[in-house]
Student: 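Just passing along the structure, written as structure tokens.
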Amino acid sequence: MNYYEIALPVKLEKLFTYKSEENIPQGCRVLVTLGNSKHTGIVWNKTTELNSDIRYKKIAEIVEKSPKINEELLNLAEWISKYYQCSLGLTLAAMLPSAFNVQIQQQIRLIEQKVIPESDGIPEMIINELSKLSWIDIADVKKRLSITSIQFYHWIDYLEDNEIIEIKRTF
């Protein structure tokens, strides 16, 4: 497993560590989950400095296999970020065209009915809305269930990690 520090367009002045089985060069765009939302991030570097208390999330999608941002631009972003004391991710987002941000359409479908231990009833509600045969837009499912975003996306991540549902992400 490879671990990468990712620059995300958020106000926190830090890099976020994610994992992937793929080898991803510096400067490539990736899609990651932070909280309840998906972000386009830039691979800053590969890291081996890990905290054993943290369960690292997987990179959801690798947008490109070869870097679209060269080293010179990455160095400039780092300098601007330090000089103006702002996040590296926000600096990169300001420097790059808005088309660099990936617009994601997410659809889900049921793979397998399973009993969910220690459930609060929400995963069963999600499962009941899904069909094995067709893909359903994830926003429509959330809207129909009237569940808070935190609860909904927590259980969506759980159901995907346990191979109960499948998520198709298209750009």
Side-chain angles (χ1 to χ4, degrees), residues 1-22 24 26-47 49-64 69 77 81 84-96 98-109 116-127 129-130 135-171:
M1 189 64 62
N2 299 306
Y3 293 86
Y4 298 95
E5 291 185 317
I6 309 294
L8 296 176
V10 295
K11 292 182 181 180
L12 298 172
E13 292 185 38
K14 65 180 251 172
L15 296 170
F16 297 84
T17 305
Y18 289 84
K19 64 183 179 180
S20 175
E21 293 178 8
E22 306 264 342
I24 310 168
Q26 182 184 32
C28 288
R29 288 182 300 164
V30 294
L31 296 175
V32 296
T33 303
L34 181 65
N36 297 324
S37 57
K38 299 277 186 204
H39 291 277
T40 303
I42 307 296
V43 173
W44 192 254
N45 62 4
K46 195 171 186 176
T47 185
E49 295 178 24
L50 303 174
N51 182 337
S52 61
D53 296 333
I54 296 175
R55 182 177 157 238
Y56 294 98
K57 289 184 178 184
K58 286 185 177 179
I59 291 173
E61 300 281 338
I62 302 169
V63 178
E64 62 241 341
I69 304 169
S81 172
Y84 290 103
Q85 298 179 353
C86 61
S87 98
L88 190 55
L90 284 177
T91 301
L92 283 163
M95 292 173 64
L96 301 170
S98 62
F100 246 74
N101 287 327
V102 177
Q103 301 301 315
I104 309 163
Q105 172 100 26
Q106 296 185 84
Q107 294 185 320
I108 59 177
R109 73 173 177 182
I116 289 78
E118 299 179 30
S119 166
D120 59 2
I122 293 173
E124 290 80 7
M125 291 170 59
I126 294 169
I127 289 169
E129 288 290 321
L130 304 179
W135 292 95
I136 301 170
D137 189 56
I138 200 166
D140 291 342
V141 174
K142 183 180 179 302
K143 194 181 298 183
R144 282 191 294 224
L145 294 177
S146 301
I147 301 170
T148 66
S149 290
I150 293 171
Q151 292 174 309
F152 181 76
Y153 289 109
H154 163 77
W155 285 111
I156 289 294
D157 287 343
Y158 174 87
L159 294 171
E160 183 182 29
D161 289 345
N162 288 281
E163 299 178 352
I164 297 170
I165 64 168
E166 180 180 8
I167 299 178
K168 176 172 64 171
R169 296 171 178 92
T170 54
F171 310 114

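Small disclaimer: the values here were computed from a predicted structure and weren't measured.
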Student: Side chains of Glu61 and Val30: closer than 4.5 Å at any heavy-atom pair?
Tutor: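 When only atoms from C-beta onward are counted, Val30 and Glu61 do not touch, as no gap falls below 4.5 Å.
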Student: Taking Gln107 for the side chain and Ile136 for the main chain, is one N or O donor matched with an acceptor at less than 3.5 Å?
Tutor: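 Here the side-chain-to-backbone pair does not exist.
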Student: Any side-chain to backbone donor/acceptor pair from Tyr56 onto Tyr3? Under 3.5 Å, distance only.
Tutor: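 Checking the backbone N and O of Tyr3 against the side chain of Tyr56, no donor-acceptor pair under 3.5 Å is found.
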Student: State, to 0.1 Å, how close Pro9 and His39 come at their nearest heavy-atom pair, and which atoms those are.
Tutor: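 Of all heavy-atom pairs spanning Pro9 and His39, the closest is CG-ND1, 4.2 Å.
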Student: Out of curiosity, Phe152 CZ to Lys143 NZ, how far, rounded to the nearest 0.5 Å?
Tutor: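 That separation rounds to 12.0 Å.
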Student: Let me know which of Ile165, Ile156, Ile126 forms a side-chain contact (heavy atoms from CB on, under 4.5 Å) with Ile138.
Tutor: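 It is Ile156, the one option of Ile165, Ile156, Ile126 that forms the side-chain contact (heavy atoms from CB on, under 4.5 Å) with Ile138.
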Student: Any idea which heavy atoms bring Asn2 and Glu21 closest together, and the distance?
Tutor: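 Smallest interatomic distance, heavy atoms only, reads ND2-O, 3.5 Å.
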Student: For the residue pair Leu159 and Ile108, establish whether any side-chain heavy-atom pair is separated by less than 4.5 Å.
Tutor: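 Result no, sub-4.5 Å side-chain heavy-atom pair not found.
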Student: Atom CG in Asp161, atom CH2 in Trp155: separation rounded to 0.5 Å?
Tutor: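 Rounded to the nearest 0.5 Å, the CG-CH2 separation comes out at 11.5 Å.
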Student: Please confirm whether the backbone N or O of Asp53 pairs with a side-chain atom of Asn51, one donor and one acceptor, at under 3.5 Å?
Tutor: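 Checked: pair present.
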Student: For Leu8, which of Leu90, Leu34, Ile42 qualifies under side-chain contact (heavy atoms from CB on, under 4.5 Å)?
Tutor: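 Only one of Leu90, Leu34, Ile42 forms a side-chain contact (heavy atoms from CB on, under 4.5 Å) with Leu8, namely Leu34.
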Student: Which atom pair, heavy atoms only, marks the closest approach of Ser81 to Leu88?
Tutor: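 So the minimum-distance heavy-atom pair works out to OG-N, 3.5 Å.
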Student: Checking side-chain contact (heavy atoms from CB on, under 4.5 Å) for the pair Leu31/Lys38: CA distance, chi angles, key distance, verdict?
Tutor: CA-CA 7 Å; Leu31 296 175; Lys38 299 277 186 204; 5.5 Å; no
Student: Taking the side chain as everything from C-beta on, heavy atoms only, tell me whether Tyr84 gets closer than 4.5 Å to Thr91.
Tutor: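 Contact flag for Tyr84/Thr91 side chains = no.
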Student: Dump the intermediate steps for side-chain contact (heavy atoms from CB on, under 4.5 Å) on Lys57 and Val32, then the final yes or no.
Tutor: CA-CA 8 Å; Lys57 289 184 178 184; Val32 296; over 6 Å; no
Student: Looking at CD of Glu49 and OG1 of Thr47, how far apart are the two atoms once the value is rounded to the nearest 0.5 Å?
Tutor: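 Going from CD on Glu49 over to OG1 on Thr47, the span is 5.0 Å.
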Student: How far does CE of Met1 sit from CD of Glu22, to the nearest 0.5 angstrom?
Tutor: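 If we round to the nearest 0.5 Å, Met1:CE and Glu22:CD are 10.5 Å apart.
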Student: Could you give the distance from CG (Leu130) to CZ (Arg109), rounded to the nearest 0.5 Å?
Tutor: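 So the CG of Leu130 and the CZ of Arg109 are separated by 11.0 Å.
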Student: Does the Thr17 side chain pair with the main chain of Glu5, one donor and one acceptor, at a distance under 3.5 Å?
Tutor: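 No, Thr17 side chain to Glu5 backbone: no donor-acceptor pair under 3.5 Å.
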Student: Quick one: closest heavy-atom pair of Ile59 and Ser20, and the distance?
Tutor: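 So the two residues come closest at CD1-CB, 4.0 Å.
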Student: What closest approach, in Å, do Glu13 and Cys86 show between heavy atoms, and which atom pair accounts for it?
Tutor: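 Heavy atoms only, the tightest pair is CG-C, 3.9 Å.
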Student: What residues, two or more places apart in sequence or in another chain, satisfy side-chain contact (heavy atoms from CB on, under 4.5 Å) together with Lys58?
Tutor: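 Only Lys19 meet the side-chain contact (heavy atoms from CB on, under 4.5 Å) criterion with Lys58.
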Student: How close do Thr33 and Tyr18 get, counting heavy atoms only, and between which atoms?
Tutor: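 Heavy atoms of Thr33 and Tyr18 come nearest at O-OH, 2.7 Å.
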Student: Would you indicate whether the side-chain heavy atoms of Val43 and Ile6 approach each other to under 4.5 Å?
Tutor: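 They are in side-chain contact.
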